[in-house]
Number of protein chains: 2
Amino acid sequence: MIEWRDDLPRWRQIATVIQRRITSGEYPPGRLISENGLMQEFGVARNTARKTIVWLREEKALIYTRPNLGSFVGPEPEDDGEE
Amino acid sequence: MIEWRDDLPRWRQIATVIQRRITSGEYPPGRLISENGLMQEFGVARNTARKTIVWLREEKALIYTRPNLGSFVGPEPEDDGEE
DNA sequence: AGATATTTGTTCGTATGTATC
DNA sequence: GGATACATACGAACAAATATC
C-alpha cells in the first residue's frame, strides 16, 4: 500500500514510482502495466491511472501507447515499411 | 424500454431486473443472457452490461461464468473428475 | 479442414457528473 | 474558478476459446 503525500497529486506520485521501475530495468522495454493494473495496484480511479500514463508519455516520453493494446516502455517505433 | 432512475447506476438497475428473473424462475438454471443480449435489450454499452454480470457473479453469487461460453444461473460447478 | 459467428476477456479513448480542496 | 479524484457510461478494437456450418 502506497502512502500518499499531500504535496503532490496522486497521479504524479504514481508516475514517480513507474518511472523508477522503468529506469531501474524492473520494467524492461515491452508491455507496461495497464491502466487497469494501475488502478488495482494503487487503488485509484481510472482517471487518475490514466493521468499517470499520459504524463509518462506526453511529458516524460518514456513510453508510447497503442490504442486498444496497451502502453510500452521505450520510444515510439517508426512506422516505415508501409505503403 | 426501461425507465432509468437517477439514484442508482444503470448496471445496478439492470442487475435488479436480472436477479428478479432468476429468483422468479424466468431464468432457470442454465445459460444466462449474454453481454450482447443485455446490450440489446437494455440499450447500454458493453462495459455497463459487463458490470451487471460481474456484480451478479462476484457480489451476489447468483451466476457463474465460463469464459468464451457465457454465464449460467446457479452455483459454480465442482471441477472434480479431473486428473 | 476451413470459414464464420458467438462470447467473454482485456485494452485504450472520450465524456459527463459529483465532490472536495 | 481550477485542479484533483471518484464513479459512471458511451465507443472501439484486439485476442482467444467455443460452436456451428
Side-chain angles (χ1 to χ4, degrees), chain A residues 1-18 22 27 29-77 79 82, chain B residues 1-18 27 29-74 76-77 79 82:
Chain A
M1 295 290 287
I2 192 172
E3 287 294 325
W4 300 116
R5 291 197 307 261
D6 277 354
D7 59 338
L8 272 181
R10 296 187 173 186
W11 59 269
R12 284 281 288 104
Q13 299 180 50
I14 299 172
T16 300
V17 175
I18 302 303
I22 292 175
Y27 281 167
R31 249 320 234 87
L32 194 72
I33 187 173
S34 68
E35 295 175 359
N36 219 296
L38 247 30
M39 295 168 65
Q40 301 263 327
E41 175 175 354
F42 295 95
V44 293
R46 198 180 152 206
N47 290 354
T48 308
R50 255 190 85 75
K51 278 208 169 191
T52 296
I53 298 291
V54 172
W55 170 261
L56 257 21
R57 182 179 64 230
E58 308 291 332
E59 304 298 326
K60 294 296 183 176
L62 281 168
I63 66 177
Y64 64 95
T65 301
R66 286 279 184 249
N68 311 316
L69 272 180
S71 290
F72 303 81
V73 179
E76 174 86 43
D79 233 16
E82 124 174 33
Chain B
M1 295 290 287
I2 192 172
E3 286 295 323
W4 300 117
R5 291 197 308 260
D6 275 357
D7 58 339
L8 274 180
R10 296 186 174 186
W11 60 267
R12 284 282 287 103
Q13 298 180 51
I14 298 172
T16 301
V17 174
I18 302 302
Y27 281 166
R31 232 349 216 75
L32 194 70
I33 186 174
S34 70
E35 296 175 359
N36 219 296
L38 247 31
M39 296 168 65
Q40 302 264 327
E41 175 174 356
F42 294 96
V44 294
R46 197 176 155 209
N47 289 354
T48 307
R50 261 188 83 76
K51 275 209 167 189
T52 296
I53 298 291
V54 172
W55 169 262
L56 257 19
R57 182 180 63 232
E58 308 290 333
E59 304 298 326
K60 294 296 183 175
L62 282 169
I63 66 176
Y64 64 94
T65 301
R66 286 280 184 248
N68 312 316
L69 266 183
S71 290
F72 302 82
V73 179
E76 175 85 41
D79 235 16
E82 119 173 41

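Here is how names work: the chains are called A, B, and so on, in the same order as the sequence lines, proteins then strands, and each is numbered from 1. Just so it is clear, the model here is predicted, and its values are computed rather than measured.
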Next on the checklist: In this structure, how many angstroms lie between the P atom of D:dC10 and the CZ atom of B:Phe42, rounded?
Outcome noted: 13 Å

Next on the checklist: Rounded to whole Å, please give me the gap between CG in B:Asp6 and C1' in C:dT18.
Outcome noted: 13 Å

Dump the pairs, protein N or O against N or O of nucleotides 5-7 of chain D, anything under 3.5 Å, distances to one decimal.
residue : atom : partner : partner atom : Å
D:dA5   : OP1  : A:Arg10 : N            : 2.5
D:dA5   : OP2  : A:Arg10 : N            : 3.3
D:dC6   : OP1  : A:Arg10 : NH1          : 3.2
D:dC6   : OP2  : A:Ala45 : N            : 3.0
D:dC6   : OP2  : A:Thr48 : OG1          : 2.5
D:dC6   : N4   : A:Asn47 : ND2          : 2.3
D:dA7   : N6   : A:Asn47 : ND2          : 2.7

So which protein nitrogen or oxygen atoms get under 3.5 Å of nucleotides 1-4 of chain C's nitrogens or oxygens?
none

Item to check | Residue pairs passing the ring-ring contact (aromatic ring centres under 6.0 Å, His included) test where at least one lies in residues 52-71 of chain A, sequence neighbours excluded | outcome: A:Trp11-A:Trp55, A:Tyr64-A:Phe72

Item to check | Spacing of A:Met39 atom CE relative to C:dT11 atom C1', expressed in whole Å | outcome: 12 Å

Item to check | With sequence neighbours excluded, residues passing side-chain hydrogen bond (donor to acceptor under 3.5 Å, both in side chains) with A:Gln40 | outcome: none

Item to check | Sequence-distant partners of B:Leu69, side chain to side chain contact (heavy atoms under 4.5 Å, CB included), two or more places apart | outcome: B:Arg66

Checklist entry - Quick one: B:Arg50 CZ to C:dT10 P, roughly how many Å, whole number? => result 7 Å

Item to check | Between CG on residue B:Leu56 and CG on residue B:Leu32, distance to nearest 0.5 Å | outcome: 7.0 Å

Show me the protein contacts with nucleotides 5-7 of chain C, counting only N or O atoms at under 3.5 Å.
residue : atom : partner : partner atom : Å
C:dT7   : OP1  : B:Arg31 : NH2          : 3.4

Next on the checklist: Do B:Phe42 and B:Val17 have side chains that approach each other closer than 4.5 Å (heavy atoms only, starting at C-beta)?
Outcome noted: yes

Checklist outcome for this item: Sequence neighbours excluded, the answer for salt bridge (charged side-chain N to carboxylate O under 4.0 Å, His left out) partners of B:Asp6 is none

Next on the checklist: If I take atom CD1 in residue A:Ile33 and atom P in nucleotide C:dT10, what distance separates them, rounded to the nearest angstrom?
Outcome noted: 14 Å

Next on the checklist: Looking at C:dC12, I'd like to know if its phosphate oxygens (OP1 or OP2) sit under 4.0 Å from a side-chain N or O belonging to A:Arg66.
Outcome noted: no

Checklist outcome for this item: In short, salt bridge (Lys or Arg N to Asp or Glu O under 4.0 Å) pairs touching residues 47-63 of chain A with sequence neighbours left out are A:Glu35-A:Arg50

Item to check | Residue pair A:Ile53 / A:Ile33: nearest heavy atoms and the distance that separates them | outcome: CD1-O, 4.3 Å

Checklist entry - Say you draw a straight line from CE of A:Met1 to CD of A:Glu41; how long is it, rounded to the nearest 0.5 Å? => result 11.0 Å

Checklist outcome for this item: Separation of D:dT4 atom P from A:Arg5 atom CZ, nearest Å, is 15 Å

Checklist entry - For the side chain of A:Gln13 and the backbone of A:Leu8, is there at least one donor-acceptor N/O pair under 3.5 Å apart? => result yes

Item to check | side chain to side chain contact (heavy atoms under 4.5 Å, CB included) evaluation trace for A:Ile63 with A:Ile18 | outcome: CA-CA 11 Å; A:Ile63 66 177; A:Ile18 302 303; over 6 Å; no

